[in-house]
Amino acid sequence: MESDNSPAKVNEKRDKIEIVYDILSAVEKKGGKIKPTHLLYKANLSHQRMKKYLAELLEKGLLTEENDNANRWYTLTEKGAQFIAEYTRIRKFTESFGL
Amino acid sequence: MALVDKTALIGLESLVELVSLIMSFAVGYTAYRIYKITGEKRYLHFSLAFIFITLGFLVRAFINAGVYFGRKDVIEIAINTPVLTVHKALSLVYLMLMISAYLILIIITFRIQDAHLVSMMGLFAIVAVIASYYKFIIFPILSFLLLLYLVAHYYHGWSQKHTKYQLRTLWGFMIICLAQLLFPLVYLGSRYAFEGQEFFVAGTVIQCIGYGVLLWSLITVLRK
């Protein structure tokens with residue numbers, strides 16, 4: 001697992017579910033609310049790919065978008081937090097059984 | 001000399017195997033659920049291996065039930081007759097399920113993707129099943145050796161990260177692996193005129209403890 005402040009790994013090929021986890025856990029580590037610029041750095045994705053992922057996460061209700069004056073924030077939803085918990089368990093299972 | 005009254009052991013191994021069956025099913029089902037979430041084939045194959053083990057225990061329960069429910073004479077005739085009877089067919093199915101399960105686990109955990117190597121392992125499985133079918137003592141020895149590969153793999157994984165989850169899985173497979181060493185003593189017993197039934201029950205109980213440790217590992221992983 002990555003440390004709290006490091007961006008997601010780039011040297012290993014990440015599949016979609018792992019990228020979603022990286023995005024959501026980056027939001028969670030920032031207290032459940034993050035600015036797009038921070039998220040871009042933490043998730044280690046291109047602007048274009050990030051836009052695509054965010055659109056999907058907003059549509060599926062894992063994140064919500066908030067506009068606060070000139071700033072835009074992404075907030076983790078209950079469903080998003082549940083996804084993180086479920087995926088953490090999957091990672092532990094994978095590690096535990098050497099898969 | 002018998003260490004315990006043999007009649008007291010009748011049925012105990014089936015009961016223990018039933019517990020092992022439930023535990024191996026729990027591991028297989030969890031892996032299948034993860035496959036449904038992630039869509040990754042490795043979880044499906046892992047699940048398949050544990051479902052094979054579950055079915056293997058189920059088949060063995062049928063074989064044992066044939067012995068315990070008054071069909072012992074029929075079974076003995078069947079064993080000594082060169083005709084494929086239900087008992088022999090079930091034994092063959094049991095061997096196929098267990099050897100395939102161990103090989104699938106080795107293929108997944110060692111990430112063997114070379115089609116030639118996988119097909120060669122398939123060929124090995126066929127030879128192993130046939131050899132074990134004609135000389136049953138081969139099966140526990142082979143199981144021990146195959147499980148030893150898994151133990152080595154899990155030890156390597158644990159030595160790199162040292163997580164408690166990996167340690168539990170390592171212990172689980174190590175116990176299952178060591179339990180296999182007790183089963184050949186049953187067959188040696190009949191050859192060298194000493195009681196072997198206790199070793200069979202002890203092996204089954206120890207094996208069950210191993211699956212229990214795997215289940216414990218699974219529960220701690222899935223706990224919220």
Side-chain angles (χ1 to χ4, degrees), chain A residues 1-6 8-29 31-32 43-45 49 52-63 76-99, chain B residues 26-50 104-111 149-173 213-224:
Chain A
M1 287 215 187
E2 298 115 27
S3 67
D4 278 9
N5 298 313
S6 64
K9 289 176 280 185
V10 282
N11 52 343
E12 285 174 32
K13 192 172 171 276
R14 288 183 293 166
D15 48 28
K16 190 181 172 185
I17 196 162
E18 217 166 327
I19 293 170
V20 169
Y21 172 80
D22 287 337
I23 293 172
L24 296 177
S25 57
V27 183
E28 190 188 43
K29 280 168 192 166
N44 230 319
L45 287 170
R49 286 187 79 196
K52 211 179 102 191
Y53 274 102
L54 283 175
E56 195 176 332
L57 294 178
L58 290 169
E59 191 199 316
K60 289 188 172 162
L62 298 169
L63 286 178
L76 188 70
T77 63
E78 183 62 37
K79 201 175 164 185
Q82 277 173 8
F83 175 90
I84 292 173
E86 186 76 13
Y87 192 69
T88 303
R89 282 195 286 273
I90 290 173
R91 282 179 102 161
K92 277 196 226 164
F93 178 87
T94 308
E95 188 180 278
S96 171
F97 287 93
L99 298 174
Chain B
V27 177
Y29 178 68
T30 306
Y32 181 73
R33 273 195 56 220
I34 293 176
Y35 163 70
K36 292 298 275 180
I37 296 168
T38 62
E40 287 181 44
K41 288 274 172 64
R42 58 186 164 150
Y43 297 111
L44 179 67
H45 296 150
F46 187 77
S47 159
L48 193 70
F50 272 88
I104 291 171
L105 286 175
I106 289 173
I107 289 168
I108 310 162
T109 52
F110 283 86
R111 293 178 171 80
Y149 274 100
L150 290 171
V151 170
H153 171 79
Y154 286 115
Y155 177 76
H156 179 71
W158 173 75
S159 66
Q160 285 187 327
K161 287 189 176 176
H162 283 278
T163 71
K164 56 188 175 188
Y165 309 108
Q166 287 172 314
L167 186 63
R168 282 180 200 134
T169 309
L170 170 66
W171 269 109
F173 277 104
V213 174
L214 286 186
L215 185 68
W216 176 38
S217 172
L218 181 72
I219 291 167
T220 52
V221 160
L222 300 179
R223 202 164 40 198
K224 292 190 180 182

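Proteins get letters first, then strands, A, B, ... in listed order; numbering begins at 1 in each.
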Problem set entry | Centroid-centroid distance, A:Phe97 to B:Phe46, less than 6.0 Å | yes

Looking at A:Lys92 and A:Glu95, is there a salt bridge between them, counting it only when a charged N and a carboxylate O are closer than 4.0 Å? no

Most contact-rich option vs chain A, by heavy-atom pairs under 4.5 angstrom, among B:Arg168, B:Gln166, B:His156, is B:Gln166

The interface call for B:Leu214 against chain A, heavy-atom contacts under 4.5 Å, is both

Sequence neighbours excluded, the answer for salt bridge (charged side-chain N to carboxylate O under 4.0 Å, His left out) partners of A:Lys60 is A:Glu56

Residue set satisfying side-chain hydrogen bond (donor to acceptor under 3.5 Å, both in side chains) with A:Gln82, at least two apart, ordered chain then number -> none

When the 4.5 angstrom heavy-atom criterion is applied to B:Arg33 and chain A, the contacting part is side chain

Counting only heavy atoms from other residues, nucleotides and ligands, does the tally under 6.0 Å from OH of A:Tyr87 exceed 12? yes

Whatever's closer than 4.5 Å to a heavy atom in chain A on B:Thr163 counts as side chain

Cut-off 4.5 Å, heavy atoms of chain B, and the answer for A:Leu99 is both

